[in-house]
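Notes follow once the structure below has been shown.
Predicted, not measured: the structure shown is a model, and the values here were computed from it. Computed from heavy atoms alone, side chains included, the values below leave out hydrogens, waters and symmetry copies. Proteins get letters first, then strands, A, B, ... in listed order; numbering begins at 1 in each.
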Amino acid sequence: MPERPVKVRFPPSPTGLLHVGSARTALYNWLYARHTGGSLVLRFEDTDRARSTDDAVDQALRVLEWLGIDWDEGPIRQTERLPVYGEIAERLVTEGSAYRCYCTTQELDAERKQRQAAQLPLIYSGRCRDLTDEQRAAFEAEGRTPAVRFRFDPAGETVIEDMVRGVVQWDNALQGDFIILRSDGIPTYQFANPVDDIDAGITHVLRGEDLLSSTPRQLAVYRALGAPEPLFAHLPMILGPDKKRLSKRHGAVSVEEYRDLGYLAETMRNYLALIGWSFDDKTTVMTTPELVERFTIERVNRSPGVFDVAKLEWLNGEHLRLLEPGRFAEELQAYLERSGSPLAADRERVAEVAPVVQDKLRVLGQFEGFAGFLFGPAVYDDEAVGRVLDDPDAPRALESATEALRRVVEWDAGSIEEALRGACEETGLKPRVLFGPVRIAISGRTVAPGLFESLVLLGREESLERIATLGRRFAVEG
RNA sequence: GCCCCCAUCGGCUAGCGGCCUAGGCCUCCGCCCUUUCAAGGCGGCAACACGGGUUCGAAUCCCGUUGGGGGUACCA
């Protein structure tokens, strides 16, 4: 095989939301193209007119953009190239590599049922393989519109050397003649896919393992057309926690959902790369440039992998912490805007608060609940408040904290900490006993950013106000 | 039914005949730190599916079994 520069492609069918499995395939193709200095072609396989939608195309484009996966050619749509497939199919018919098939769906179904019962492989019988001109004319006269079938030579076997699976072979007798052009003239995947790959000069086909068994048919098209064959790399499937094919049943399955939950694109690239590929025995957290530099097909593994949200979440925390503080604030702001959060309006505040939450969040979506009290009135969690009300030391804690905070001269984290620790000594209360009620008083919850930083951001007046408000509840309820 | 692929801790994986009393990461469980939570530090539980071979030696090679996945469409 002559050396050609690497050219890969990502050909989703726009029939729904872009799945994490498809995204992983897109990522691998992109990483391979970038790693090798090759190019990536984006193509929408929309020959299933019933299920393909423009919305799905737009959505895929948006996801790819968000993921930072860019392409060098396209996007092209197969429905824009219909005449091309028609011409090539016609050529194959003329050359004898394909023929018109007049069988109806009902006839085909009946045939299949028979074979099923006889425990035979479910392939087309070849009934229309060698029709005479008279027979064809008769069918036409009946009003039947033919589909075009590829004449698959049943002799011998098809062998490929898959880049991840090694040698894989199939008995050609078990392939059967497959349809390349439906009776309405629209090409099938088995045909349009290789035709486009040939036209684009694709050198490597990296795709999901679910497409492995369609390889012999596509290769047959390459051969019939006398085109140079690509190298194949079939990637392991991504499974749900129950080891079944990942689907909506398993929860979030589209990339967009993870984006909306507050995952970083950087995290998705890192995580997706790790299902089915590894750099070595100890590297987990990788930036995208590192991924590009390190990605090779040789290290792609063969076995299917389970999509593990827990690890994805952990990894997102890692990437959040890796962000330079300014970038973190930007990501946070962008996320809040995109998700329509009211907090997004106060950009300055977001920038102020960002530093105190950067090392605590795992996903950006936690921000509102975590730091919302710094943007407006605290939302009091009943359980947290109950904890304070049940605490016999709480009134004293709130009181002494109030006094200490009143005395603070410079309202900064250091001075506040000093003052509150002083209050601990005066009252003899342990830090956790004294700080706990204060935290709940100002934030409404037990889980929040650092106490001192929060007090600084809230300001003295508001802080004291909130502490007093909670204190008053002892009079009423306590 | 038929064809193809796969098989290491609960999950992601390292391992490409001796370096393996099987390593890393996530999860989980302890402990430490501490201002709750988170983060961080330390430690722990936990796997070569099974059965035959080959070999001086097998997680690594071969065969079979079992299990899982995919395909078998005028879907892609």
Side-chain angles (χ1 to χ4, degrees), chain A residues 11-15 45-48 50-52 101 103-105 108-109 112 115-124 145-149 162 165 168-171 174-176 178-184 186-190 192-193 208-216 234 236-237 239 241 243-245 271 274-285 299 301-315 317-318 321 357-362 366 370 384 387 417 420-421 430-440 443 445-452 454:
Chain A
S13 56
T15 54
E45 307 214 324
D46 56 351
T47 54
D48 183 343
R51 297 194 304 143
S52 300
C101 172
C103 295
T104 63
T105 309
L108 259 17
D109 282 348
R112 209 169 291 125
R115 288 181 170 266
Q116 181 91 266
Q119 305 203 335
L120 291 168
L122 305 179
I123 56 174
Y124 178 58
T145 41
V148 178
R149 265 185 205 275
D162 189 276
R165 267 147 234 282
V168 183
Q169 43 192 279
W170 296 265
D171 182 347
L174 263 25
Q175 292 302 318
F178 58 96
I179 290 179
I180 59 176
L181 224 54
R182 302 170 167 96
S183 48
D184 62 3
I186 307 288
T188 58
Y189 161 76
Q190 300 295 358
N193 181 276
E209 195 207 310
D210 51 335
L211 265 13
L212 178 58
S213 43
S214 70
T215 307
H234 287 92
M237 303 266 76
L239 275 23
K243 307 264 186 163
K244 300 284 183 202
R245 190 181 195 152
Y271 182 68
L274 255 18
I275 306 182
W277 174 85
S278 64
F279 173 58
D280 60 16
D281 60 336
K282 30 200 64 156
T283 312
T284 302
V285 182
R299 290 200 60 86
N301 67 245
R302 281 169 293 273
S303 40
V306 172
F307 190 86
D308 180 10
V309 185
K311 187 161 185 174
L312 174 67
E313 204 177 295
W314 165 81
L315 190 58
E318 294 297 304
R321 258 144 244 136
V357 299
Q358 180 167 190
D359 58 354
K360 306 228 176 192
L361 298 183
R362 278 163 99 96
Q366 294 173 320
F370 200 71
R387 213 142 102 185
E417 177 167 7
L420 289 179
R421 287 197 189 280
K430 285 184 175 159
R432 56 179 305 158
V433 177
L434 190 135
F435 295 166
V438 176
R439 168 183 305 284
I440 292 168
S443 71
R445 26 194 307 167
T446 56
V447 183
L451 180 58
F452 316 126
S454 298

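Side-chain atoms of A/Val168 lie closest to B/C5 of the nucleotides B/C26, B/C5, B/C37. In the set B/A73, B/A76, B/U35, B/A73 carries the atom at the smallest distance from any side-chain atom of A/Arg112. The side chain of A/Thr188 has B/C75 as its nearest neighbour among B/C75, B/C26, B/U13. Here the nucleotide nearest the side chain of A/Glu318, chosen from B/C26, B/U34, B/G40, is B/G40. Nearest to the side chain of A/Arg182, among B/C37, B/C74, B/G11, sits B/C74. Closest to the A/Ser278 side chain, of the nucleotides B/C6, B/A76, B/U13, is B/U13. Out of B/A39, B/A76, B/A7, the shortest distance to the side chain of A/Arg321 is found at B/A39. Closest approach to the A/Pro121 side chain among B/C2, B/G11, B/C12 is made by B/C2 (side chain taken as heavy atoms from C-beta onward). When each of B/U35, B/C6, B/C37 is scored by its nearest atom to the side-chain atoms of A/Val447, the top-ranked nucleotide is B/C37.
The residue among A/Ala448 and A/Pro236 whose nearest nucleotide of RNA chain B lies closer to the 5′ end is A/Pro236. Comparing A/Pro146 and A/Arg421, the nucleotide of RNA chain B nearest to each residue sits closer to the 5' end for A/Arg421.
For the atom pair CD (A/Gln190) and CD1 (A/Ile179), the distance works out to 11.0 Å, reported to the nearest 0.5 Å. Interatomic distance, CZ of A/Arg115 versus OH of A/Tyr124, reported as 10.5 Å (0.5 Å rounding). To the nearest 0.5 Å, atom CD of residue A/Glu318 and atom NZ of residue A/Lys311 are 11.0 Å apart. How far CZ of A/Arg182 is from CG of A/Asp48: 6.5 Å, rounded to the nearest 0.5 Å. Rounding to the nearest 0.5 Å places NE2 of A/His234 at 3.5 Å from OG1 of A/Thr215.
Pairing for B/C50 is with B/G64, a Watson-Crick or G-U wobble pair whose two hydrogen-bonding atom distances lie under 3.5 Å. Nucleotide B/C42 forms a Watson-Crick or G-U wobble pair with B/G30, both donor-acceptor distances falling under 3.5 Å. With a 3.5 Å ceiling on both atom-pair distances, the Watson-Crick or G-U wobble partner of B/C2 is B/G71.
Residue contacts for A/Gly305: at a heavy-atom cut-off of 4.0 Å it reaches the sugar-phosphate backbone alone, with no base atom in range. In this structure, A/Gln169 reaches the sugar-phosphate backbone alone: every heavy-atom distance under 4.0 Å involves primed, P, OP1 or OP2 atoms, never a base. Using a 4.0 Å heavy-atom distance criterion, A/Asp184 is classed as making no nucleic acid contact. Using a 4.0 Å heavy-atom distance criterion, A/Leu420 is classed as making no nucleic acid contact. A/Leu122 comes within 4.0 angstrom of a base, heavy atoms only. If you check every strand for non-hydrogen atoms under 4.0 Å, A/Cys103 touches a base. Nucleic acid contact class of A/Thr105 (heavy atoms, under 4.0 Å, all strands): none. Note on A/Phe178: nothing from the nucleic acid sits closer than 4.0 angstrom, heavy atoms only. A/Pro449 comes within 4.0 angstrom of a nucleotide base, judged by non-hydrogen atoms across all strands. Across all strands, A/Leu174 comes closer than 4.0 Å only to sugar-phosphate atoms, never to a base (heavy-atom distances). As judged by a 4.0 angstrom heavy-atom cut-off over every strand, A/Arg362 is placed among residues touching the sugar-phosphate backbone only.
The P atoms of B/C26 and B/C42 are separated by 11 Å, rounded to the nearest whole Å. Using atom P as the reference point in both B/C25 and B/A39, the two lie 15 Å apart (nearest Å). Going from the P atom of B/C48 to that of B/C9 covers 7 Å, rounded to whole Å. Nucleotides B/G70 and B/C75 place their C1' atoms 15 Å apart, quoted to the nearest Å. Nucleotides B/G71 and B/U8 have their C1' atoms positioned 27 Å apart, rounded to a whole Å. Here the separation of B/G10 from B/A73, taken at their C1' atoms, is 38 Å to the nearest Å. When the C1' atom is used for both B/C45 and B/C28, the distance is 8 Å, rounded to whole Å. For the P atom pair drawn from B/G51 and B/A58, the interatomic distance equals 14 Å after rounding to whole Å.
The base of B/U35 does not come close enough to the side chain of A/Arg432 for any donor and acceptor atom to sit less than 3.5 Å apart. Not a single donor-acceptor pair, N or O on each side, falls under 3.5 Å between the base of B/C25 and the side chain of A/Lys282.
The distance between atom CD of A/Gln358 and atom P of B/C37, rounded to the nearest whole Å, is 22 Å. In this structure, A/Arg445 places its CZ atom 12 Å from C1' of B/A38, rounding to the nearest Å. Protein atom CD of A/Gln116 is 10 Å distant from nucleotide atom P of B/A73, rounded to whole Å. The distance between atom NZ of A/Lys311 and atom P of B/G11, rounded to the nearest whole Å, is 13 Å. A/Ile123 places its CD1 atom 11 Å from the C1' atom of B/C3, with the value rounded to the nearest Å. In this structure, A/Asp48 atom CG and B/C74 atom P are separated by 13 Å, rounded to whole Å. The distance from atom CZ of A/Arg302 to atom C1' of B/C4 is 15 Å, rounded to the nearest whole Å. Protein atom CZ of A/Arg51 is 15 Å distant from nucleotide atom P of B/A73, rounded to whole Å.
The side chain of A/Asn301 contributes an N or O atom lying less than 4.0 Å from OP1 or OP2 of B/U13. The shortest distance between the side-chain N/O atoms of A/Thr47 and the OP1/OP2 oxygens of B/C75 is not below 4.0 Å.
A heavy-atom distance below 4.5 Å is not found between the side chains of A/Lys360 and A/Gln366. Between A/Val285 and A/Leu315 there is a side-chain heavy-atom pair separated by less than 4.5 Å.
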field: Working for side chain to side chain contact (heavy atoms under 4.5 Å, CB included), residues A/Leu212 and A/Trp170
entry: CA-CA 11 Å; A/Leu212 178 58; A/Trp170 296 265; 4.0 Å; yes
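Listed by chain and number, the residues in a salt bridge (charged side-chain N to carboxylate O under 4.0 Å, His left out) with A/Asp171 amount to none (sequence neighbours excluded).
When every heavy atom of A/Pro449 is checked against every heavy atom of A/Val357, the shortest pair comes out as CG-CG1, 3.9 Å.
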Could you list all N or O pairs between the protein and nucleotides 66-70 of chain B that sit under 3.5 Å apart?
residue: B/G69; atom: OP1; partner: A/Lys244; partner atom: NZ; Å: 2.4
residue: B/G70; atom: O2'; partner: A/Asp210; partner atom: O; Å: 3.4

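A distance below 6.0 Å separates the ring centres of A/Phe452 and A/Phe435.
Side chain of A/Ser13 to main chain of A/Thr15: no donor-acceptor pair is present (N/O by atom type, distance under 3.5 Å, no hydrogens or angles).
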